[in-house]
Every structure is written in structure tokens, then in C-alpha cells.
Amino acid sequence: MNTNQLNISLVTMCIRPCLAAFLVAALGATDVADAATQIWDNGSGNSLWDTTSLNWGGAAWTAGNDADFEATGVGTITVSGTNTVGAGADTPITINAPGYTLTGGVLNFPTTGASTFLVNNDAEIDSILSDPNATSTLIQTGAGTLTLNPGAAGTNTWGILQATTGRLTVKSGTLNLIGGANGPKT
């Protein structure tokens, strides 16, 4: 091996690991970790789901986290713009208290796996639900009724819809299921 070949090999050995580390840092890790859970408390008192109001346990909403709605802050919540929910394949929305309505804006669910909406009490989502991949499964579970009501012109798009327990109703708008729907077996 001549000197030029040796130098090129050494440079290649140094560049590849450095380039890989740079790409992981710049683009993010290739494995998607489960999202953190943020609990709604309407701490700012404005009933606004945005990225600046401190309505999530004293913090602002962090894109990709899971949203948990408990007894504090019950009422109508206005979703401002597009908020990304549940970046990991987990439970992006949990509703554990009656009286919640989410209205306005878009709730974006980027996971390519299953997204479980745990609805233990009746709730209504008037916001648009968006699965940009149109490949994931929306699983509605829990004892409550989840009502989708995006308005006559609104379209909720999802890959597959599965209702395992509770009840799922579509009050208005269009429910666009790319892969179909299935419910509990009887």
C-alpha cells in the first residue's frame, strides 16, 4: 500500500463516524422514544392550547408529548394552530374527567404505529385530527364516549380506526379512513 492509499483510508475512517454522529445530532435519533406526558391544568386561565401559555402543569405545550386531561381545568379548550401530539407509539390523549371539549386548530399525530385515545369520560373533539402518514391506527378505548365534531367542512384523516371499548361517534364532518375500520368482536 502506498502512502496516498494509507492517508485516504485514515481520513475515511475518521470522517464516517464523525459524519454519522453529526447526522444523528442534526436530524435527531433514528429511534422514536415514547413521548412525555403533560397534564392540562389551565394554569394561565385562558383555556388555550398553544406553545406559549403555561397551561400544562405550569409549563407550555411541548410538541410531540402526550396530553392528559384530568379534573383540573375542565371545559372548552381552544387549540391554536397545529399542535403535534404523541410522537411515540403510545397514548397521545387521555381524558379522565367529564366536560372536556377541544375546539379549533389541528391535532397532528405523527406516529406510524397505534395511537390510543383513552377516554374514561365523555369528551368532544371539534378540532381536526390529522395523521400525516395516513398509516397509523387510532384506537379509542375507555368507558366514555368520544364525539368527533369538526364541522360540516372538516375532515379527520386517519389510517385505520379501531374502537375497542366505550363509544365513538361522528357528529359532523368527514372521517377519512385510508385503511378501514374495525370494532370489537362479538
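No hydrogens, no waters, no symmetry mates; every other heavy atom, side chains included, goes into these values.
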Calculate, to the nearest 0.5 Å, the distance between atoms CD1 and NZ belonging to I125 and K171 respectively. 13.5 Å
With a 4.5 Å heavy-atom cut-off, do L161 and L168 have their side chains touching? yes
Strictly by modelled atom types, are N42 and S47 linked by a side-chain donor-acceptor pair under 3.5 Å? yes
Before giving the answer on side chain to side chain donor-acceptor pair (under 3.5 Å), spell out for N46 and N55 the whole-Å C-alpha distance, their side-chain angles and the decisive distance to 0.1 Å. CA-CA 8 Å; N46 62 4; N55 287 327; 2.7 Å; yes
Common cluster, V106/L175, ILVMFWY with side-chain heavy-atom separation under 4.5 Å: no
Quick one: do F69 and L102 satisfy side chain to side chain contact (heavy atoms under 4.5 Å, CB included)? Show the steps, please. CA-CA 11 Å; F69 298 94; L102 305 179; 4.0 Å; yes
Spell out, yes or no, whether L107 and W40 are grouped together once hydrophobic residues are joined by side-chain heavy atoms under 4.5 Å, including indirect joins. yes
Would the distance check show the side chain of T84 and the main-chain N or O of A63 forming a donor-acceptor pair, the cut-off being under 3.5 Å? no
Transitive ILVMFWY side-chain link I128 to I93, under 4.5 Å: no
Distance, nearest 0.5 Å, that separates CZ of F109 from OG1 of T157: 12.5 Å
So, S172 side chain and G151 main chain: donor-acceptor pair closer than 3.5 Å or not? yes
Closest heavy-atom pair, G86 versus P110, reported as atoms and distance to 0.1 Å, is O-CD, 4.2 Å
Non-hydrogen side-chain atoms of N96 and D68 separated by less than 4.5 Å: yes
How long is the straight-line distance from CG of D122 back to OH of Y100, given to the nearest 0.5 Å? 14.0 Å
Report yes or no: do L129 and L118 belong to one cluster of Ile/Leu/Val/Met/Phe/Trp/Tyr joined by side chain heavy-atom distances under 4.5 Å? no
I'd like a table of donor-acceptor pairs (distance under 3.5 Å, sequence neighbours excluded) in which one partner is a side-chain atom from residues 74-83, with atom names and distances.
from: N83; atom 1: ND2; to: W49; atom 2: O; distance (Å): 3.2
from: N83; atom 1: ND2; to: S80; atom 2: O; distance (Å): 3.2

From CG (N156) to OG1 (T174), nearest 0.5 Å: 9.0 Å
Please walk me through it: do W61 and Q38 pass side chain to side chain contact (heavy atoms under 4.5 Å, CB included)? CA-CA 8 Å; W61 176 252; Q38 287 186 262; 3.4 Å; yes
Does the side chain of N176 come under 3.5 Å of the side chain of T155 through a donor N or O and an acceptor N or O? no
On a heavy-atom basis, the closest approach of L54 and A60 is CD2-N, 3.6 Å
Donor-acceptor pairs under 3.5 angstrom involving side-chain atoms of residues 138-148: please list them, not counting sequence neighbours.
from: T141; atom 1: OG1; to: T164; atom 2: OG1; distance (Å): 3.2
from: T141; atom 1: OG1; to: T165; atom 2: OG1; distance (Å): 3.0
from: T147; atom 1: OG1; to: T169; atom 2: OG1; distance (Å): 3.0

Taking every non-hydrogen atom, the tightest pair across S44 and S53: OG-C, 3.8 Å
Please verify the inter-ring angle class for F117 with W158; under 30° counts as parallel, over 60° as perpendicular, anything in between as tilted. perpendicular
Interatomic distance, OG@S115 vs CG@D131, rounded to 0.5 Å, equals 7.5 Å
